[in-house]
Amino acid sequence: MHPRFHTAFAELPASLQTALEPLMRHDDFPSMLTAQQVDAVKDACGLDNDTLAFALLPLAAACSITPISHFQVGAIARGVSGNLYFGANIEFSGAPLQQTIHAEQCAVSHAWLRGEKSLASITVNYTPCGHCRQFMNELNSGTGLAIRLPGRAPATLGDYLPDAFGPKDLNITTLLMDTINHGFTLAETDALSAQALDALNQSHAPYSNAQSGVALETHDGKIYTGRYAENAAFNPSLPPLQAALVLMTMSGADCQQINRAVLIERNGANLSQFDATRATLAALGCQNLTHHRV
Ligand code: THU
Ligand code: ZN
């Protein structure tokens with residue numbers, strides 16, 4: 001089992017430990033449960049969707065990287081497929097606070113990057129901040145997304161974000177997690193660039209049309225990709241590097257072990273991820289960033 005889970009796992013109820021141990025045994029446990037695994041664990045432990053998500057929160061929070069706040073936030077996103085995806089907050093020493101990934105953003109983008117098409121609920125161990133409420137208002141689940149917090153009545157995103165500003169206010173109808181393929185192509189054919197292009201083609205950038213994608217390769221040859229996710233309110237947008245770091249962290253890899261990175265952006269776009277990507281990668285000890293435009 002990945003060492004980050006040891007303490008939280010040991011504090012779970014015995015029946016849940018027994019049901020989860022075979023799934024979490026290996027270091028590369030993907031920090032998600034398939035719908036089939038969820039059903040098996042619920043049956044074995046007598047839990048429903050909500051009680052299982054609450055029970056898993058300490059494991060999600062154990063994935064956090066918090067060199068600045070030492071404040072561990074965990075989130076569990078449940079997809080319409082029935083799969084569960086962990087999320088945790090990720091902070092970067094040596095980079096601006098704006099580069100921080102919140103646990104809710106992590107769980108949402110984790111689900112999206114693994115191919116989930118929409119979310120049914122999100123369960124969090126603390127109340128979501130305004131930035132996260134706004135980030136989630138970009139989702140194709142709309143204000144009906146179920147929000148579950150310890151000690152609070154079941155609620156929806158609409159309850160937590162009344163009178164919401166969102167994509168509709170800017171006449172945008174393609175929402176975050178909607179299936180999309182922008183169809184761009186690239187002359188470079190190396191595997192890392194191809195994966196970054198694939199991420200760009202699935203990115204959500206309806207406000208700027210500055211689609212982008214990142215692919216990261218670790219020293220042991222594993223590849224993780226991230227798609228840019230824009231937000232109607234602009235500032236809560238998730239940059240493509242952050243999305244790739246979500247997938248990397250949730251997959252159990254170490255963000256300080258990036259060997260090289262590729263960023264691909266649109267030609268002639270009116271904004272660029274390049275400077276922020278280079279700076280945050282440098283804070284993680286990686287100086288090797290290739291930049292392509294399509
Ligand atoms: N944090 C979250 O992950 N979600 C929230 O909505 C509240 C705040 C994180 C961000 C930062 O890493 C730490 O908690 C302190 O704000
Ligand atoms: Zn937040």
Side-chain angles (χ1 to χ4, degrees), residues 4-5 8 31-32 53-54 56-78 84-113 119 121-139 141-143 145-162 164-167 176-177 204 226 228-239 241-251 254-256 276 279-280 283-284:
R4 63 185 170 175
F5 294 121
S31 301
M32 67 161 290
F54 280 123
L56 293 173
L57 279 177
L59 295 175
C63 298
S64 68
I65 303 173
T66 56
I68 299 169
S69 70
H70 308 290
F71 182 71
Q72 299 193 307
V73 187
I76 304 284
R78 184 160 57 87
L84 294 181
Y85 304 89
F86 293 15
N89 55 329
I90 304 175
E91 302 169 355
F92 306 100
S93 20
L97 286 184
Q98 281 77 4
Q99 303 299 317
T100 304
I101 305 164
H102 288 216
E104 298 88 329
Q105 289 183 295
C106 183
V108 167
S109 54
H110 184 195
W112 182 44
L113 292 164
L119 294 186
S121 73
I122 185 155
T123 305
V124 196
N125 61 351
Y126 293 99
T127 187
C129 77
H131 162 102
C132 287
R133 296 176 195 201
Q134 185 67 48
F135 181 79
M136 293 188 287
N137 196 41
E138 193 72 18
L139 288 165
S141 38
T143 48
L145 177 72
I147 308 267
R148 298 290 182 262
L149 302 176
R152 310 279 165 81
T156 65
L157 180 60
D159 297 322
Y160 281 96
L161 195 67
F165 175 81
L176 185 56
M177 293 184 85
H204 174 72
Y228 180 35
E230 278 189 346
N231 186 275
F234 287 18
N235 297 71
S237 300
L238 187 74
L241 174 63
Q242 267 67 4
L245 294 169
V246 160
L247 197 54
M248 191 174 181
T249 303
M250 293 300 113
S251 301
D254 177 355
C255 293
Q256 315 261 11
T280 304
L284 293 168

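For ligands, and for the atoms within them, numbers begin at 1 and follow the listed sequence. All of these numbers come straight from a predicted model, not from anything done at the bench. For the single chain, residues carry numbers from 1 onward in sequence order.
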Which atom pairs, one a donor and one an acceptor, fall under 3.5 Å between side chains of residues 93-103 and the rest of the protein, sequence neighbours left out?
residue : atom : partner : partner atom : Å
Q99     : OE1  : Q242    : NE2          : 2.9
Q99     : OE1  : T280    : OG1          : 3.3
T100    : OG1  : L97     : O            : 2.6

Note, S109 side chain near L247 side chain (heavy atom, < 4.5 Å):
no
Could you pull out every N or O of ligand 1 that sits under 3.5 Å from a protein N or O, with the distance for each pair?
residue  : atom   : partner : partner atom : Å
ligand 1 : 3 (O)  : A103    : N            : 2.9
ligand 1 : 4 (N)  : H102    : ND1          : 3.4
ligand 1 : 4 (N)  : E104    : OE1          : 2.9
ligand 1 : 6 (O)  : E104    : OE2          : 3.0
ligand 1 : 6 (O)  : C129    : N            : 2.8
ligand 1 : 12 (O) : N89     : ND2          : 2.9
ligand 1 : 12 (O) : E91     : OE2          : 2.5
ligand 1 : 14 (O) : N89     : ND2          : 3.4

Nearest heavy-atom contact between L59 and A8 is CD2-CB, 4.0 Å
Shell check on the Zn ion (ligand 2): protein N, O or S atoms less than 2.8 Å away are H102 ND1, C129 SG, C132 SG
Contacts of R148 meeting salt bridge (charged side-chain N to carboxylate O under 4.0 Å, His left out) (sequence neighbours excluded), chain-then-number -> D50
Between the side chain of T143 and the main-chain N/O of L157, is any donor-acceptor distance below 3.5 Å?
no
Separation between NE2 of H204 and CG of L139, rounded to the nearest 0.5 Å:
8.5 Å
How far does CG of L57 sit from CG of N125, to the nearest 0.5 angstrom?
5.5 Å
Going by the angle between their ring planes, with limits at 30° and 60°, are F86 and F5 parallel, tilted or perpendicular?
perpendicular
Has the side chain of E91 got a donor or acceptor atom that lies under 3.5 Å from a matching backbone atom of I68?
yes
